Protein chains: 2
Amino acid sequence: MPTPTVENYLKALYVQPPAPGQQPTELIPMGQVAEAMRVSPGTATSMMKTLAEAGLVEYEPRAGVRLSERGLALALQILRRHRLIEQFLVQVLGLDWSEVHDEAEELEHAISDKVLERIDLLLGHPDTDPHGDPIPPSHGQPAHVELTPLSLAEVGAQVTVARVLDQQPDFLNFAHQHGLTPGSRLTVLAHQPAADAITCQPEGAPSLTLGTAAAGKILTLIEQTAS
Amino acid sequence: MPTPTVENYLKALYVQPPAPGQQPTELIPMGQVAEAMRVSPGTATSMMKTLAEAGLVEYEPRAGVRLSERGLALALQILRRHRLIEQFLVQVLGLDWSEVHDEAEELEHAISDKVLERIDLLLGHPDTDPHGDPIPPSHGQPAHVELTPLSLAEVGAQVTVARVLDQQPDFLNFAHQHGLTPGSRLTVLAHQPAADAITCQPEGAPSLTLGTAAAGKILTLIEQTAS
DNA sequence: TGTTCGCATTATCATAGACTAATGCTTGCA
DNA sequence: TGCAAGCATTAGTCTATGATAATGCGAACA
Ligand SMILES: [Mn+2]
Ligand SMILES: [Mn+2]
Ligand SMILES: [Mn+2]
Ligand SMILES: [Mn+2]
């Protein structure tokens with residue numbers, strides 16, 4: 001059984017965004033690992049060697065690391081725990097979606113498979129967490145759904161918010177207050193490239209202008225394009 | 001915030017049974033600490049010095065340790081977490097009372113005050129856990145209730161099982177199968193000192209003979225003495 | 001083709017928690 | 001009154017995980 005530290009590294013490796021245009025099987029450079037885990041570069045290197053010893057990653061000196069098959073399976077297991085716990089904390093205990101990430105970050109290392117499956121049952125086998133992140137099944141990869149960042153949705157399109165990529169409480173509170181939670185519908189009103197902004201109209205809330213960076217963190221399902 | 005290891009030591013110190021006839025404020029010898037925590041004597045000594053440094057225990061070399069006021073408050077907090085979690089696992093997730101102790105042993109270190117108070121609310125502020133152990137309030141000591149070990153109950157008495165002291169799954173399964181769970185009522189039929197045994201009649205279950213040691217782990221509330 | 005700059009690696013050290021083995025108190029008994 | 005047996009303490013080591021600082025490699029640019 002891996003330590004909490006090892007579990008955190010594996011999860012971090014899994015969720016690293018591939019560099020633009022890269023396959024997710026490409027090598028992750030050590031600097032990125034160090035930054036993701038907020039440790040020094042030396043610590044990252046030595047930890048990656050340890051994980052490689054344990055067969056959880058493939059490590060190529062001066063090139064980077066990628067998860068091995070075993071490492072990937074473990075990472076998905078931790079991610080499943082994390083996201084089911086988040087959903088549980090919101091649905092059953094009534095916590096706010098802005099505070100469950102940090103709670104789950106600890107609980108994911110303490111919960112047994114048995115308790116986890118009870119939670120899954122109680123929740124009716126959800127397939128996403130409160131932020132719209134997919135919950136991996138107990139075996140195998142989560143299904144892939146094609147989503148469009150709000151920043152790229154066409155003017156006039158009607159979209160449904162499906163997933164919010166930023167876990168920061170401030171951002172989540174902001175999104176909640178403006179009707180940008182998974183399931184809420186909105187219409188894209190305008191792009192303002194010069195202002196680096198986009199304006200949209202959430203259903204049942206005032207219209208809203210967001211910077212491109214923020215809009216890029218809101219992933220949507222296109223319901224209807226501009227007619 | 002103490003580490004999980006420190007929390008476990010404090011909890012263990014709190015639940016150490018005082019030697020027969022001792023006040024619970026007496027010093028606990030190092031051998032007892034080492035045995036309770038299943039570590040070597042040297043480890044116990046060095047850990048107690050560390051805890052003394054941190055002001056959580058009073059340590060007298062070659063005599064023993066006792067919890068300080070701060071250590072006691074912390075121990076009660078951990079115990080509250082442990083027992084509320086156990087009750088939650090049984091009541092909400094439907095786990096068996098024989099398996100929740102080990103689960104809670106991990107979760108007690110991972111759960112936040114916020115989540116804990118939500119659980120407490122959801123359960124309706126229970127004051128005992130599934131084994132009948134009292135749940136300490138968020139501040140202060142748990143109320144003391146006078147209970148009688150089944151081994152000492154008089155022949156002919158009607159008693160209600162209030163608390164089961166052994167957390168071993170085997171013992172708990174045995175107790176459950178024979179109707180010896182908190183809340184179940186039974187009548188004491190006979191003492192057989194020569195056989196080191198006691199016979200009782202649980203309501204709605206076959207009568208049962210137990211060794212004195214086992215009967216001593218079943219604490220009861222006397223409902224009615226022999227007429 | 002050579003050099004430099006950015007990143008990675010190595011070397012050294014620290015801390016928490018554990019172990020084993022050697023040593024040292026203390027107390028009860030002769 | 002003295003000593004041995006039973007505990008407890010100390011000394012030295014180990015592993016996991018971190019840090020810092022010195023060194024090294026290699027890709028891109030001159
Ligand atoms: Mn975590
Ligand atoms: Mn999430
Ligand atoms: Mn514990
Ligand atoms: Mn209990």
Side-chain angles (χ1 to χ4, degrees), chain A residues 1-13 16-22 26-67 71 74-75 78 105-106 108-110, chain B residues 1-13 16-19 22 26-67 71 74-75 78 105-106 108-110:
Chain A
M1 304 296 99
T3 62
T5 302
V6 167
E7 293 185 342
N8 286 335
Y9 275 96
L10 294 176
K11 190 154 55 81
L13 291 176
Q16 284 316 294
Q22 300 282 299
E26 286 315 303
L27 291 167
I28 301 164
M30 296 306 298
Q32 195 177 330
V33 174
E35 172 157 6
M37 291 300 296
R38 308 163 137 284
V39 295
S40 69
T43 299
T45 297
S46 87
M47 194 64 189
M48 290 309 104
K49 284 174 157 184
T50 303
L51 296 186
E53 277 295 304
L56 297 171
V57 302
E58 289 155 29
Y59 167 62
E60 299 184 15
R62 312 205 107 94
V65 275
R66 73 168 69 83
L67 289 170
L74 254 173
I78 320 297
E105 202 54 64
E106 299 301 319
E108 66 189 357
H109 310 293
Chain B
M1 306 295 98
T3 61
T5 302
V6 167
E7 293 185 342
N8 286 335
Y9 275 96
L10 294 176
K11 191 154 55 77
L13 291 176
Q16 284 317 293
Q22 299 284 297
E26 287 314 303
L27 291 167
I28 300 164
M30 296 306 299
Q32 196 177 330
V33 175
E35 173 157 4
M37 291 300 297
R38 310 164 135 282
V39 296
S40 69
T43 299
T45 297
S46 88
M47 194 63 191
M48 290 309 104
K49 285 173 156 187
T50 302
L51 295 185
E53 277 294 304
L56 298 171
V57 302
E58 288 154 29
Y59 166 62
E60 299 183 17
R62 311 204 109 94
V65 275
R66 75 169 68 83
L67 288 169
L74 254 172
I78 320 298
E105 202 54 64
E106 299 301 319
E108 66 188 358
H109 311 294

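A note on names: the letters A, B, ... follow the listed sequences, proteins ahead of strands, and every chain is numbered from 1. These numbers come from a predicted model, not from an experiment.
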*Go through B:Val33 and B:Met48 one step at a time and tell me if the side-chain contact (heavy atoms from CB on, under 4.5 Å) criterion holds.*
CA-CA 9 Å; B:Val33 175; B:Met48 290 309 104; 4.0 Å; yes
*Would B:Thr5 and B:Met47 count as a side-chain contact (heavy atoms from CB on, under 4.5 Å) if you check the C-alpha gap in whole Å, the side-chain angles of each, and the deciding distance to 0.1 Å?*
CA-CA 10 Å; B:Thr5 302; B:Met47 194 63 191; 4.2 Å; yes
_Candidate pair B:Leu51 and B:Tyr59, rule side-chain contact (heavy atoms from CB on, under 4.5 Å), full reasoning_ = CA-CA 9 Å; B:Leu51 295 185; B:Tyr59 166 62; over 6 Å; no
_For A:Met30 and A:Arg62: C-alpha separation, side-chain torsions, deciding distance, then whether side-chain contact (heavy atoms from CB on, under 4.5 Å) applies._
CA-CA 8 Å; A:Met30 296 306 298; A:Arg62 312 205 107 94; over 6 Å; no
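Between atom OG1 of residue A:Thr43 and atom CE of residue A:Met37 there is a gap of 10.5 Å, rounded to the nearest 0.5 Å. Rounding to the nearest 0.5 Å gives a distance of 8.5 Å between CG of B:Leu56 and CG of B:Leu67. Atom CZ of B:Arg66 is separated from atom CD1 of B:Ile28 by 9.5 Å, given to the nearest 0.5 angstrom. One finds the CD atom of B:Gln32 at 4.5 Å from the CD atom of B:Gln16 (value rounded to the nearest 0.5 Å).
Across the helix from C:dT1-D:dA30 to C:dA30-D:dT1, the helix axis at one end is tilted relative to the axis at the other end by 30° (nearest 10 degrees, each axis from five pairs).
To the nearest angstrom, C1' of C:dT9 lies 7 Å from OH of A:Tyr59. Counting to the nearest Å, the C1' atom of C:dA16 and the NE2 atom of B:His109 are 16 Å from each other. For the pair B:Met48 CE and D:dT10 P, the computed distance is 14 Å after rounding to whole Å. When the P atom of C:dA16 is taken as reference, atom CE of B:Met1 falls 16 Å away, rounded to whole Å. Look at NZ on B:Lys49: it is 16 Å from C1' on C:dA18, rounded to the nearest Å. Residue B:Leu51 contributes atom CG, which lies 12 Å from atom P of C:dA16 at whole-angstrom precision. As a whole-Å value, the separation of B:Glu60 CD from D:dC7 C1' is 16 Å.
Comparing atom distances between the A:Met30 side chain and each of C:dT9, D:dT10, D:dT9 picks out C:dT9 as nearest.
Between the side chain of A:Glu7 and the main chain of A:Thr3, no donor-acceptor pair closer than 3.5 Å is present.
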*asked:* Using a 4.0 Å heavy-atom cut-off to protein, can you give one letter per nucleotide of nucleotides 15-29 of chain D, 5' to 3': B if the base is in contact, S if only the sugar-phosphate is, - if neither?
replied: --SSBB---BS----
